[in-house]
Number of protein chains: 2
Amino acid sequence: MKSNAGFLNSQNTHLGNRIFEKMLKDSGIDAFSGAQGRIMYVLWENGTLSVSQVCKLTSLANSTMTVMLDQMEVRGLINRTRNERNRKQILVSLTDTARLYKKEYDYISEKMNNLTYKGFSQEELMMYENMLIRIKKNLEDYIENGENND
Amino acid sequence: MKSNAGFLNSQNTHLGNRIFEKMLKDSGIDAFSGAQGRIMYVLWENGTLSVSQVCKLTSLANSTMTVMLDQMEVRGLINRTRNERNRKQILVSLTDTARLYKKEYDYISEKMNNLTYKGFSQEELMMYENMLIRIKKNLEDYIENGENND
DNA sequence: ATAGTATATTACTAAATAGTAATATTGTCA
DNA sequence: TGACAATATTACTATTTAGTAATATACTAT
């Protein structure tokens, strides 16, 4: 299959990240970055999670996550506690401070969506999302078992 | 507009990058990385370009580009020469060495596409690409002039 | 000629991301 | 009990990406 969708995607990621970081900064939010916001997002949506669940839901590597959680703990955004029901796991939860930022984050996300998907109908946006979900599944499947049967 | 397409996209980027880097490594390619490959890609496709054109075509920031080109020059992948017709510009061109890698890069890209868009019809893939192009335009427009008229 | 603009580099700082190898803790199962 | 697997941290290294401010060079237009 020949396509430059992957390249386009990489471009959009760079552009989008730069815009989003600037939006946060311009909104006076210096308590957290875009990358930290994405981790907070899965915690806002799902409540308390184990570290590996946060990795899974953000698609970040374990080595990345430990570093990010360290920072966020120091900045008072998350707490880490051991899961008493399965003491192998560390549970990550948002602090009250972090919870306060949800509204502002949602507002900026919406602004970001408005400019990113300008000209898209509801149907088109849903179609796009569905494709992203299918792509994600393909990539995850490959990482889990596909590497060995090319 | 409410959507988590941006979040999905960020996930797919992480997963895709990890897979692609590993594919390069597993293919024995240690002469360049995925990020460098994307810069080489626009040079393979367009021939010699000025630095700002490479920035534009990769959607990377200028500060990123200088660093990347420094590395690639040291590794013998690109040359920099001053444009004699417009001596403000530096022209970036691929070395013969870099040109040799095109076939292998294309092969790996195709493998990457096959797994990423598994289950997609030609029409769906084209639709996806078209949406990415529209999104890119929206983001570029915003960076160029939209920041001041929200 | 000079002022302003465009192009690019230099020289920083900082953050995000991933990989690896070693270690600690805990749970599971034979 | 003892071996193994799962979960997470620690302690690195390296790369990618962006921002900023200063500087150099070259073109343009008045």
Side-chain angles (χ1 to χ4, degrees), chain A residues 10-26 30-40 49-56 58-75 77-78 80-92 143, chain B residues 10-26 30-40 49-56 58-75 77-78 80-92 143:
Chain A
S10 148
Q11 292 182 278
N12 289 351
T13 300
H14 297 328
L15 296 170
N17 279 343
R18 272 189 275 166
I19 293 173
F20 196 65
E21 293 293 344
K22 191 155 185 315
M23 274 189 175
L24 285 175
K25 204 177 157 193
D26 290 349
D30 60 349
F32 62 91
S33 65
Q36 290 168 355
R38 282 189 287 274
I39 293 172
M40 287 157 78
L49 295 168
S50 72
V51 173
S52 56
Q53 284 176 312
V54 179
C55 287
K56 174 72 179 168
T58 55
S59 304
L60 290 168
N62 194 283
S63 52
T64 304
M65 192 53 65
T66 300
V67 175
M68 295 301 289
L69 292 179
D70 284 350
Q71 289 179 14
M72 294 172 75
E73 198 172 25
V74 168
R75 299 192 197 192
L77 295 169
I78 58 130
R80 285 197 261 212
T81 54
R82 197 165 280 276
N83 185 356
E84 287 306 326
R85 285 196 254 165
N86 178 355
R87 294 181 48 79
K88 281 184 292 193
Q89 295 182 334
I90 301 284
L91 296 179
V92 183
I143 288 175
Chain B
S10 149
Q11 291 181 278
N12 289 350
T13 300
H14 297 328
L15 296 171
N17 279 342
R18 273 188 274 166
I19 293 173
F20 197 65
E21 294 293 344
K22 192 156 184 316
M23 274 189 175
L24 285 175
K25 204 177 158 193
D26 290 348
D30 60 349
F32 61 92
S33 63
Q36 291 168 354
R38 283 189 287 274
I39 293 172
M40 287 156 80
L49 295 167
S50 70
V51 174
S52 55
Q53 284 176 312
V54 180
C55 287
K56 174 71 179 169
T58 54
S59 304
L60 290 169
N62 194 283
S63 52
T64 304
M65 193 52 66
T66 300
V67 175
M68 294 302 288
L69 292 179
D70 284 350
Q71 290 178 15
M72 294 170 74
E73 199 172 24
V74 168
R75 300 191 196 192
L77 296 168
I78 59 132
R80 287 196 261 210
T81 54
R82 198 163 279 275
N83 185 356
E84 287 305 327
R85 285 196 254 166
N86 178 355
R87 295 181 47 79
K88 281 182 295 192
Q89 295 182 335
I90 302 284
L91 296 179
V92 184
I143 287 175

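The figures here come from the full heavy-atom set of this structure, side chains too, leaving out hydrogens, waters and symmetry mates. Chain identifiers are assigned alphabetically (A, B, ...) following the order of the sequence lines, protein sequences preceding nucleic acid strands; residue numbering begins at 1 within each chain.
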Enquirer: Salt-bridged, B/D30 to B/R75, with N to O below 4.0 Å?
Expert: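 Salt bridge absent between B/D30 and B/R75.
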
Enquirer: Do any side-chain nitrogens or oxygens of B/R38 fall under 4.0 Å of OP1 or OP2 in D/dT17?
Expert: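 Yes, such a contact exists.
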
Enquirer: Between atom CG in B/N62 and atom P in C/dA6, what is the gap in whole Å?
Expert: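 After rounding, the reported distance stands at 14 Å.
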
Enquirer: Between C1' on C/dA16 and CE on A/M65, what's the gap in Å once rounded to a whole number?
Expert: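 My rounded result for the distance is 11 Å.
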
Enquirer: To check you understand the geometry: which heavy-atom pair defines the closest contact between A/Q11 and B/S59, and what is its length?
Expert: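 Closest heavy-atom pair between A/Q11 and B/S59: NE2-OG, 3.1 Å.
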
Enquirer: Atom CG of B/L15 to atom C1' of C/dT17: distance rounded to whole Å?
Expert: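 Going from CG in B/L15 over to C1' in C/dT17 covers 13 Å.
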
Enquirer: Does B/S52 have a side-chain nitrogen or oxygen under 4.0 Å from the phosphate oxygens OP1 or OP2 of C/dA8?
Expert: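 So the side chain of B/S52 is within the cut-off, an N or O lying under 4.0 Å from OP1 or OP2 of C/dA8.
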
Enquirer: Of the listed nucleotides (D/dT10, D/dC27, C/dT17), which one gets closest to any side-chain atom of A/T66?
Expert: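 The answer is D/dT10, which lies nearest to the side chain.
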
Enquirer: What's B/R80 touching, base or sugar-phosphate or nothing? Going by heavy atoms closer than 4.0 Å.
Expert: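 It contacts sugar-phosphate atoms only.
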
Enquirer: Are any of A/S33's side-chain N or O atoms less than 4.0 Å away from OP1 or OP2 of C/dA16?
Expert: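 For C/dA16, OP1 or OP2 has a side-chain N or O of A/S33 closer than 4.0 Å.
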
Enquirer: What nucleotide among D/dA18, C/dT26, D/dA8 has an atom nearest to a side-chain atom of A/R87?
Expert: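 Closest nucleotide among those given: C/dT26.
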
Enquirer: Answer with base, sugar-phosphate or nothing: what part of the nucleic acid does B/S63 contact at a heavy-atom distance below 4.0 Å?
Expert: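 It contacts base atoms.
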
Enquirer: Can you confirm whether A/V54 sits close enough to A/M65 that some side-chain heavy atom of one is under 4.5 Å from a side-chain heavy atom of the other?
Expert: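 Sidechains of A/M65 and A/V54: in contact.
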
Enquirer: For B/I39 and for A/K25, locate the closest nucleotide of DNA chain D by heavy-atom distance; then report the residue assigned to the nucleotide nearer the 5' terminus.
Expert: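 It is B/I39 whose nearest nucleotide is closer to the 5' end.
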
Enquirer: May I ask you to evaluate whether B/R75 reaches the phosphate of D/dT15, defined as a side-chain N or O under 4.0 Å from OP1 or OP2?
Expert: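 Affirmative; the distance criterion is met.
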
Enquirer: Look at all strands and tell whether B/E21 reaches a base, only sugar-phosphate, or nothing, counting heavy atoms closer than 4.0 Å.
Expert: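 B/E21: no heavy atom of the nucleic acid under 4.0 Å.
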
Enquirer: Just the rounded figure in Å: distance from C1' of C/dT28 to NZ of A/K88.
Expert: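 Computing the A/K88:NZ to C/dT28:C1' distance gives 7 Å.
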
Enquirer: From CD1 of A/I78 over to P of D/dT9, roughly how many Å is that when rounded to an integer?
Expert: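 That distance rounds to 9 Å.
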
Enquirer: With nearest nucleotide decided by heavy atoms, which residue, A/Q36 or A/R82, maps closer to the 5′ end of DNA chain C?
Expert: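 The 5'-side residue here is A/Q36.
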
Enquirer: Of the listed nucleotides (C/dA8, D/dT9, D/dT25), which one gets closest to any side-chain atom of B/Q89?
Expert: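 Looking only at side-chain atoms, B/Q89 lies closest to C/dA8.
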
Enquirer: Just checking B/N86: base, sugar-phosphate only, or nothing, at a heavy-atom cut-off of under 4.0 Å?
Expert: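 Contact class for B/N86: sugar-phosphate only.
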
Enquirer: For A/N17 and A/S50, take the nucleotide of DNA chain D holding the closest heavy atom to each; which residue's nucleotide lies nearer the 5' end?
Expert: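 Looking at the nearest nucleotide for each, A/S50 comes out on the 5' side.
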
Enquirer: Looking at side-chain heavy atoms only, is the closest gap between B/L24 and B/F32 below 4.5 Å?
Expert: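 When only atoms from C-beta onward are counted, B/F32 and B/L24 do touch, with a gap below 4.5 Å.
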
Enquirer: First locate atom OG of A/S52, then atom CD of A/Q89, and finally report the distance between them rounded to the nearest 0.5 Å.
Expert: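 The distance works out to 5.5 Å.
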
Enquirer: Could you tell me whether A/T64 contacts a base, only the sugar-phosphate backbone, or nothing, with contacts defined as non-hydrogen atoms closer than 4.0 Å?
Expert: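 A/T64: base contact, heavy atoms under 4.0 Å.
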
Enquirer: Take the protein atom CG of B/D30 and the nucleotide atom C1' of D/dA14, then report the distance between them rounded to whole Å.
Expert: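 Taking atom C1' of D/dA14 as the reference, CG of B/D30 is at 15 Å.
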
Enquirer: Roughly how far, to the nearest 0.5 Å, is CG of A/L69 from CD1 of A/I78?
Expert: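 Taking CD1 in A/I78 and CG in A/L69, the distance rounds to 4.5 Å.
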
Enquirer: What's the CD-P distance between B/E84 and D/dA26, to the nearest Å?
Expert: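 About 9 Å, once rounded to whole Å.
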
Enquirer: For the pair made of NZ in A/K56 and C1' in D/dT7, what is the distance, rounded to whole Å?
Expert: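 Whole-Å distance recorded here is 16 Å.
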
Enquirer: Side chain of A/H14: nearest nucleotide among D/dA18, C/dA16, D/dA8?
Expert: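 From the listed options, D/dA18 comes nearest.
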
